[in-house]
Amino acid sequence: MGKLDGKVALITGAGQGVGQGTAFALAKEGARIAVTGRTESKLIDTVEAITAAGGIAEPIVADVSVPADITRAVETTVSLFGGVDILVNNASLNPLGPINDLEPDYLERAYAAGPVAALRAMQACYPSMKERGGGAIVNMVSSVAVRWDASGYGGYASVKEALRSLTRAAACEWGVDNIRVLAVAPHAMSPGLQRWTEARPEEAAAFVASIPMRRIGDCETDIGNAIAFLVGPDAGYLTGATIPLDGGQSRWG
């Protein structure tokens, strides 16, 4: 018996990295997974791994920056599995660089694919969650917003902080419907971070040295398993919070 038996989870950006690790972890706890993302081959790989382990999952190709894709992804999930109990808004764009170098057009795209897309997904899932007696939403944010030196991270931090604000508001407004909404700020060895580590080994070593636990988290065992706990019954009184899954590096509060 898994802690998420009978639950349905829709996860964006689930073809790789944290989204994939979360899909694996939730599936192992019994949830049926709608694996969404832009690249079909990656989604199929994720689904095949879940089914090979005895889980249930279906791929849904969707670009979260396209409003119609979000609506279709939620409707398809409801059609396939009967509803939505868990939503993980993981897909995003990362507008990095100094303020003078930030491209406003790209920043707008990042907002469209980040907090705006998450809002659309939350709104689309709300009726099903309310009808099913409650649900859990996890929005992926970042500790860059609380770095002591925000240089080069202004655009990215602003996108993630907008999502944190939506998270808190939704938790306050939807708590009466037994819908919990949380923000998770992870450090995990995603493909992007792996490429950066290989390209800048000295900078990467300094980054790891700044983490009290002296390692970067694993997408499934460190991040996915924690999210499986957060959306499960044992965390049923937790909502509106930001959970740093970063080995103690960030300074929240």
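Along the sequence shown, residues carry numbers from 1. From a predicted model like this one, the values you see are computed outputs, not experimental measurements.
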Is Val184 close to Val141 at the side-chain level, that is, under 4.5 Å between some pair of heavy atoms? no

Hey, is the main chain of Gly2 close enough, under 3.5 Å, to the side chain of Asp5 for a donor-acceptor pair? yes

Treating Ile, Leu, Val, Met, Phe, Trp and Tyr as nodes and any side-chain heavy-atom pair under 4.5 angstrom as an edge, say whether Leu43 and Phe81 lie in one connected cluster. no

Short question: side chain of Lys160, backbone of Ala185 - any donor-acceptor pair under 3.5 Å? no

Does CZ in Arg195 sit with more than 12 non-hydrogen atoms of other residues, nucleotides or ligands closer than 6.0 Å? no

Transitive ILVMFWY side-chain link Leu10 to Val64, under 4.5 Å: no

If only atom types and distance count, is the side chain of Thr36 paired as donor or acceptor with the main-chain N or O of Ile11 below 3.5 Å? yes

Roughly how far, to the nearest 0.5 Å, is OG1 of Thr71 from CD of Gln123? 10.0 Å

Does a side-chain heavy-atom distance below 4.5 Å link Thr22 with Met140? yes

Do Asn178 side-chain atoms and Gly133 backbone N/O form a donor-acceptor pair below 3.5 Å? yes

Between Arg180 and Leu238 (side chain of the first, backbone of the second, donor and acceptor by atom type, cut-off under 3.5 Å), is there such a pair? yes

Check the angle between the aromatic planes of Phe207 and His187 and answer parallel, tilted or perpendicular using the 30° and 60° thresholds. perpendicular

More than 12 non-hydrogen atoms from neighbouring residues, nucleotides or ligands closer than 6.0 Å to CD on Glu198, yes or no? yes

Check this for me, if you would: do Arg164 and Glu161 make a salt bridge, where the nitrogen-to-carboxylate-oxygen distance has to be below 4.0 angstrom? yes

A side-chain contact here means heavy atoms from C-beta on lying under 4.5 Å apart; do Gln16 and Ser190 qualify? no

Is it true that Glu58 and Arg32 have a side-chain N and a carboxylate O under 4.0 angstrom from each other? no

Could you pull out the closest heavy-atom pair between Phe229 and Asp234, with the gap in Å? CE1-CB, 3.6 Å

Will you find, in the side chains of Ser142 and Tyr153, an N or O donor that is under 3.5 Å from an N or O acceptor? no

From Gln20 CD over to Ile50 CD1, what is the distance, rounded to the nearest 0.5 angstrom? 8.0 Å

Salt-bridge contact Arg215-Asp222 (side-chain N to carboxylate O under 4.0 Å): yes

Could you tell me whether the side chain of Ser128 and the main chain of Val84 form a donor-acceptor pair under 3.5 Å? yes

After noting the C-alpha distance and the side-chain angles of Glu220 and Lys28, does the key distance pass the side-chain contact (heavy atoms from CB on, under 4.5 Å) rule? CA-CA 11 Å; Glu220 180 182 353; Lys28 286 181 179 178; 2.7 Å; yes

Whether the side chain of Thr221 engages the backbone of Asp218 through a donor-acceptor N/O pair (distance < 3.5 Å, no angle test) should be reported. no

Looking only at heavy atoms, which two atoms of Thr77 and Ala34 are closest? And how far apart? OG1-CB, 3.3 Å

Does some side-chain heavy atom of Val159 sit less than 4.5 Å from a side-chain heavy atom of Pro95? yes

Before giving the answer on salt bridge (Lys or Arg N to Asp or Glu O under 4.0 Å), spell out for Lys7 and Glu29 the whole-Å C-alpha distance, their side-chain angles and the decisive distance to 0.1 Å. CA-CA 9 Å; Lys7 301 298 185 182; Glu29 287 294 339; over 6 Å; no

Apply side-chain contact (heavy atoms from CB on, under 4.5 Å) to the pair Trp174 and Lys130, showing each step before the final yes or no. CA-CA 9 Å; Trp174 294 354; Lys130 183 176 181 180; over 6 Å; no

Crowded around Glu131 CD? As in, over 12 foreign heavy atoms under 6.0 Å? no

Between Ser65 and Arg109, do the side chains contain an N or O donor and an N or O acceptor separated by less than 3.5 Å? no

Check whether Ile86 and Ile179 end up in the same hydrophobic cluster, where Ile, Leu, Val, Met, Phe, Trp and Tyr are linked by side-chain heavy atoms less than 4.5 Å apart. no

With rounding to the nearest 0.5 Å, note down the distance linking CG in Leu96 to OH in Tyr156. 7.5 Å

For Asn100, look at atom CG and say whether over 12 heavy atoms of other residues, nucleotides or ligands are found less than 6.0 Å away. no

To the nearest 0.5 Å, what is the distance between CG on Leu26 and CG on Asn225? 9.5 Å

List the steps and the verdict of side-chain contact (heavy atoms from CB on, under 4.5 Å) for Thr46 and Phe24. CA-CA 8 Å; Thr46 300; Phe24 290 161; 3.9 Å; yes

Does Val47 offer a backbone N or O that forms a donor-acceptor pair with the side chain of Thr51 under 3.5 Å? yes

Could you tell me whether the side chains of Asn90 and Thr12 share a donor-acceptor contact shorter than 3.5 Å? no

Kindly indicate whether the side chain of Ile211, heavy atoms from C-beta on, has any atom under 4.5 Å from the side chain of Asp246. no

If every non-hydrogen atom of Val18 is compared with every non-hydrogen atom of Ala188, which pair is closest and at what distance? CG2-CB, 3.6 Å

Using the rule that two of Ile, Leu, Val, Met, Phe, Trp, Tyr join whenever any of their side-chain heavy atoms come within less than 4.5 Å, decide whether Ile70 and Val88 are in one cluster. no

Is the shortest side-chain heavy-atom distance between Leu182 and Ile137 below 4.5 Å? no

Please find the pair of heavy atoms, one from Ala124 and one from Pro127, that lie closest to each other, and give the distance. O-CD, 3.4 Å

Write down the atom of Gly154, the atom of Ile99, and the distance for their closest heavy-atom approach. CA-CD1, 4.4 Å

CD1 of Ile227 to SG of Cys219, rounded to nearest 0.5 Å, is 10.0 Å

Just do the side-chain hydrogen bond (donor to acceptor under 3.5 Å, both in side chains) check on Ser158 and Tyr111 with the steps written out, would you? CA-CA 9 Å; Ser158 71; Tyr111 271 95; 3.0 Å; yes

Are Ile44 and Val61 joined in one hydrophobic group, where the rule is that I, L, V, M, F, W and Y side chains link up if heavy atoms are under 4.5 Å apart? no

Counting only heavy atoms from other residues, nucleotides and ligands, does the tally under 6.0 Å from CZ of Arg38 exceed 12? no

Surrounding CZ of Arg168 (heavy atoms of other residues, nucleotides or ligands, distance under 6.0 Å), is the total greater than 12? no

Taking the side chain as C-beta and beyond, is there a heavy-atom pair between Leu166 and Asn139 under 4.5 Å? no

Short side-chain to backbone donor-acceptor contact, Asp85 and Gly135, under 3.5 Å: no

Out of Val74, Asp69, Thr76, which residue meets the side chain to side chain contact (heavy atoms under 4.5 Å, CB included) rule with Ile60? Thr76

Compare every heavy atom of Ser250 with every heavy atom of Pro244, then report the nearest pair and how far apart it is. CB-OG, 3.6 Å

Looking at side-chain heavy atoms only, is the closest gap between Lys42 and Val35 below 4.5 Å? no

